[in-house]
2 protein chains.
Amino acid sequence: MAKDRQRDPGATIYSVAELAGVSIASVSRVMQGSGGVSDKTRQKVLAAAKELNYVPLGAARSLAVRHHEAHGLVLPELAGPYYSELLIGFETRAAELGQSVVLLLADGKRDVARDVRRLATRVDGLVMLGSLCVTDMVAQGLHGKKPVLVIAGHPQPGIEAIGAENHQGARELTAHLLGHGRRRLLFVGDPASAPDVADRYEGFVAAHEGEPTPDPVRIPFREADGASFADRVLGGDVEADAFVCANDELALSIMSRLQDGGVRVPEDVAVVGWDDVMAARYVRPGLTTVRQPVKELGRLAADRLHERIAGAPAREGLEILPTQLVLRGSCGCAAAPDAKPATASAKPSGRTTGRPVRKASSKRTTA
Amino acid sequence: MAKDRQRDPGATIYSVAELAGVSIASVSRVMQGSGGVSDKTRQKVLAAAKELNYVPLGAARSLAVRHHEAHGLVLPELAGPYYSELLIGFETRAAELGQSVVLLLADGKRDVARDVRRLATRVDGLVMLGSLCVTDMVAQGLHGKKPVLVIAGHPQPGIEAIGAENHQGARELTAHLLGHGRRRLLFVGDPASAPDVADRYEGFVAAHEGEPTPDPVRIPFREADGASFADRVLGGDVEADAFVCANDELALSIMSRLQDGGVRVPEDVAVVGWDDVMAARYVRPGLTTVRQPVKELGRLAADRLHERIAGAPAREGLEILPTQLVLRGSCGCAAAPDAKPATASAKPSGRTTGRPVRKASSKRTTA
DNA sequence: CTGTTAGCGCCTTCAT
DNA sequence: ATGAAGGCGCTAACAG
């Protein structure tokens, strides 16, 4: 529709050089501060650049240096605080490393694989969430071309993976509920939806130490799904004295609807979540949950990816960050006012699940 | 540290062409589906590309076509749901338009202006939030080079701005409180921190219709700030029967701390927010607030930016999207169970503040 | 310290 | 339908 897309696309390194009366080499040197330029020349160049309002063309530089100086990040979605924090950590670290971040949200996309391939076209490497079903394909497809790193997923040969501890944390959380005298626990969330949820479910089962455990309630993670499940509970279709939810959004929506329906939490039923989102400390009773070092995960991802881009070989296995149990009222513990996020009530001696460990890759990838 | 950054950076359009036994022109045509290629040739190329695991170099293409095919987005931060939703809407629309999105978070950066300039290097245009203090400088600096669009800020000549309605909504919200019989309202939040907060404060003042209004409580938007303000209230330093907060996070933290301190909401004091975050409907009483079409704002931004990149002239003035009052219990209204977000209780006839309007740019930019 | 020059990988007329 | 060749803007030797 427009013949010339931009009214003044000009102002290249040439025009600046010309105006400054120097060669393009000098302009280049000044622009990227590679030194070796006299002060007088620098001034002339800077002045010319400013006058022409010179904005270097990143693509040209990338082509010349053979680097995009950009990290790709593929997230399933961005609802809820989990992915946001991950993104914050990632972007922060990437920026520190001088890398731009190109973001791709898989959510509404028709052909995610195609979009990821497109993304791979403009970044030096990329990080994907393990819950994305295209992860394996793409990772394999890019194998040997661009470094790929997986978060909260399973490692593959040549493909690093990092994640937060799940199994042990879920196990302790479950054991805690058992310790409160609860006997009919139900895991709410679909283990098949993501590797980390699967791990949590395994921890849940493990805590029962052989006792039979009911099948998980396989529903999605959205608020609406929690609410309708709660309705089934209110209708008497479900029998349980504690719900171990796959994440806080689910736990929150279930607890809320249950309370509206006259069920007392935690007296009649306990509800616990996972993630420690903001709302978890504002509801009454406070939601007992597990805090993940999400931002740290993001930072680590950017770091590891950068290492790989710089030529480091893929670390084998899965790197696991510790998680932390956060006890509030919804599990049956005495409710304590909890307004300061920094001092969330945790068990005494900084109870922390798992240590930063490195496990050999195998069928069971988490500690 | 590594001499060759990538083990197999090869596989260019040339290697593919060679393997397929055709010219690079054919490869190029096949890769971007520009047609005019025999089926046989196409097959050979595709096979070769797959075998070599060919990933085209985006930078080279960008340089050739003189387009980055990428939109830049500069956000102040990513805490809370507001910016996330904005980002979701933006990314979604950008992807539909075939554009990548390069994200920049201003938050922890030392030299935001520098980073934005770097960003401008690799995108065809960019969108910035009006609350960023570098907005003006950068926008001016890029003027005539790359299209720049501002969200929730003031328009400038040649620089479009879009935003959600603030003044009118704040005015109605305030009037509603007045209607509940509240007489000593306090605006909590710093109008100087962002243009849209300033607009809300003006609406707040306007609703008083000449009656004297106290100065706003100028504190930041974080939870911690709200809590410490609440402590001052509990200490008796503040006198008011209603708090009109600049956003929900502030409102939530204040309400929570107040309740912990024995203050009844809304009996003793009313608290209202702005944004309608998830937690707003989980707390008791539900938080009365104003919902913004945030995701739509993001989509619109991507759309408008794309228009500009395609050569369309800047629309003058500010485009405003309507907001919606969400009445729950914290203002004094009869609390209604509100679990389904989609059916949040709003006043009868779809009370909506403002219509999609276009105002001429002037000192006062919002409706 | 400064200028010259040869690519970087891809797209795109223009011939064939 | 296919190939040949020039050029996009910048960096990085290599001369001077």
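This is a predicted model, so every value here is computed, not measured. Just so we're on the same page: letters track the sequence lines, and every chain starts at 1.
- When rounded to the nearest whole Å, the span between CG of A:Leu57 and P of C:dC8 equals 18 Å.
- Contact check, B:Arg66 against D:dG9: a side-chain N or O comes under 4.0 Å of OP1 or OP2.
- Dense packing is recorded around CD of A:Glu96, with more than 12 heavy atoms of other residues, nucleotides or ligands lying under 6.0 Å away.
- Within the nucleic acid shown, B:Leu63 comes within 4.0 Å of at least one base atom, counting heavy atoms only.
- In plain terms, the two heavy atoms of B:Pro147 and B:Asp124 that are nearest each other are CD-O, 3.2 Å.
- Smallest separation of non-hydrogen atoms from B:Ala94 and B:Val101: CB-CG1, 4.1 Å.
- In this structure, A:Glu18 atom CD and C:dG3 atom P are separated by 13 Å, rounded to whole Å.
- Contact annotation: B:Ser23 side-chain N/O to D:dG3 OP1/OP2 distance is under 4.0 Å.
- Backbone-only engagement by A:Thr41 is indicated by non-hydrogen atom pairs under 4.0 Å involving sugar-phosphate atoms exclusively.
- For the pair B:Lys145 NZ and D:dG9 C1', the interatomic distance rounds to 13 Å; values are reported in whole Å.
- Interface residues of residues 24-35 of chain B facing DNA chain C, ordered by number: B:Ile24, B:Ala25, B:Ser28, B:Gln32; criterion, heavy-atom separation under 4.0 Å.
- Positionally, the nearest nucleotide of DNA chain C for A:Val22 lies more toward the 5' end than for the other of A:Val22 and A:Ala60.
- Computed from coordinates, the A:Ile13 CD1 to C:dT5 P distance equals 16 Å when rounded to whole Å.
- Between B:His68 atom NE2 and D:dC8 atom P the separation is 16 Å, expressed in whole Å.
- Listed pair B:Ser38 / D:dT2 meets the phosphate criterion, a side-chain N or O lying under 4.0 Å from OP1 or OP2.
- Rounded to whole Å, the distance from NZ on B:Lys44 to C1' on D:dA1 is 12 Å.
- By the 4.0 Å N-to-carboxylate-O rule, B:Glu91 lies too far from B:Arg299 to be salt-bridged with it.
- Between A:Asp303 and A:Arg93 there is a salt bridge, with a side-chain nitrogen of the basic residue lying less than 4.0 Å from a carboxylate oxygen of the acidic one.
- Residue A:Lys40 contributes atom NZ, which lies 13 Å from atom P of C:dC1 at whole-angstrom precision.
- Without hydrogens or angle criteria, B:Ser100 side chain to B:Ala70 main chain gives no donor-acceptor distance under 3.5 Å.
- The main-chain N or O of B:His71 is never found under 3.5 Å from a side-chain atom of B:Gln99 such that the two would form a donor-acceptor pair.
- Side-chain atoms of A:Tyr14 come within donor-acceptor range of the base of D:dC10, with a qualifying N/O pair under 3.5 Å.
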